[in-house]
Amino acid sequence: MAEAVAKVARRINSTMEEGRDSLDLSDCGLVSFPDGVFKMMRSCIHNIHTISLANNHIKALSNKFFLTFTQLREVDLQGNVLTKLPEAVGDMEHLVNINLSKNKLTVFPERLADVRSLEHISVEGNQITDLPVEKLSLMASLKTLDVRCNPLTTDSSCFPHQFTILT
């Protein structure tokens, strides 16, 4: 545990010292997003545009995550054990890319359809059986939707869309 905490602290310090706009906390053994990160990064939170939390053991994210990192453009959450996303994800104004592949989602996170800026959504390798067809069809910015390796019952070829569906 102490080694994981030290790894996270080193990565945060490195991001802050180098003035980077991305935070990589992938492969850190996290089960949740550490509250301490909000405090440590208080002075530069609005500069962070990309966060990777890939390949951890995160079960859930709080609304606070999306309410704090309001300038995010990319979020990589692949390889966790998420079963849902918080409601606040729908309020993201700059989010362009979200990777939720290889999690434990059984329901497509419908609040993603409220994110007008989203261009790429990946939910590959989950347990999603149905897609919110009407909501997804209204997403003007959406370019790709990756739903491969899901037990979908929705026939993706039967609804109007202007984006590429990877099935």
Test your reading of the model: is there a side-chain donor-acceptor pair from Asn47 to the backbone of Gly19, 3.5 Å cut-off? no
Please round to the nearest 0.5 Å and tell me the distance separating atom CE of Met16 and atom SG of Cys44. 4.5 Å
May I ask you to test the Thr164-Lys143 pair for a side-chain heavy-atom distance under 4.5 Å? no
When rounded to the nearest 0.5 angstrom, what distance separates CG in Leu67 from CG in Asp91? 7.0 Å
Between Ser117 and Leu95 (side chain of the first, backbone of the second, donor and acceptor by atom type, cut-off under 3.5 Å), is there such a pair? yes
Name all residues meeting the side-chain hydrogen bond (donor to acceptor under 3.5 Å, both in side chains) criterion together with Asn55; count only those two or more places apart in sequence or in a different chain, and write none if there are none. none
Does Gly29 offer a backbone N or O that forms a donor-acceptor pair with the side chain of Asn56 under 3.5 Å? yes
Got a donor-acceptor contact below 3.5 angstrom from the Arg148 side chain to the Leu166 backbone? no
Can you tell me how far apart OG (Ser52) and CG (Leu23) are? Round to the nearest 0.5 Å. 8.5 Å
Could you tell me if the side chain of Glu87 sits less than 4.5 Å from the side chain of Asn63, heavy atoms only? yes
Is there a donor-acceptor contact under 3.5 Å from the side chain of Lys64 to the main chain of Asp35? no
Please examine the side chains of Pro109 and Leu100, heavy atoms only from C-beta on, and report whether any two atoms are closer than 4.5 Å. yes
Check: Ile165 and Leu131 side chains under 4.5 Å, non-hydrogen atoms: no
Of Glu74, Arg73, Glu119, which is the lone residue that meets side-chain contact (heavy atoms from CB on, under 4.5 Å) with Asn97? Glu74
Mind checking ring-ring contact (aromatic ring centres under 6.0 Å, His included) for Phe66 and listing every partner two or more places apart, or none if nothing turns up? none
Less than 4.5 Å apart, any side-chain heavy atom of Leu53 and any of Phe65? yes
Taking all non-hydrogen atoms of both residues, which atom of Lys7 and which atom of Asp27 are closest, and how far apart? NZ-O, 2.9 Å
In terms of ring plane angle, is the pair Phe38 and Phe69 parallel, tilted or perpendicular, where the classes change at 30° and 60°? tilted
Correct closest heavy-atom pair for Thr68 and His46 would be O-CE1, 4.4 Å
Among Val147, Thr129, Asp130, find the residue that satisfies the side-chain contact (heavy atoms from CB on, under 4.5 Å) test when tested with Leu152. Val147
Close side-chain approach of Glu124 to Lys102, heavy-atom, < 4.5 Å: yes
Arg11 side-chain N/O to Ser26 backbone N/O, donor-acceptor pair under 3.5 Å: yes
Contacts of Arg20 that satisfy side-chain hydrogen bond (donor to acceptor under 3.5 Å, both in side chains) - sequence neighbours left out: Ser14, Thr15, Glu18
Would you say the side chain of Arg111 lies within less than 4.5 Å of the side chain of Leu85, judging by non-hydrogen atoms? no
If you look at every heavy atom in Ala4 and Cys28, which pair is closest and at what distance? CB-O, 3.4 Å
What is the minimum heavy-atom distance between Val81 and His57, and which atoms define it? CG2-O, 3.5 Å
Min side-chain heavy-atom separation Asn150-Phe108 under 4.5 Å: no
Asp21 side chain to His49 main-chain N or O, any donor-acceptor pair under 3.5 Å? no
As an exercise, state the distance from CG of Asp76 to CG of Asn99, rounded to the nearest 0.5 Å. 4.5 Å
Working to the nearest 0.5 Å, report the span between CZ of Arg42 and NZ of Lys39. 8.0 Å
Does the Asn80 side chain pair with the main chain of Ile58, one donor and one acceptor, at a distance under 3.5 Å? yes
How many angstroms lie between atom CG of Leu72 and atom CE of Met92, to the nearest 0.5 angstrom? 4.5 Å
Same cluster (ILVMFWY, side-chain, under 4.5 Å), Val96 and Ile48: no
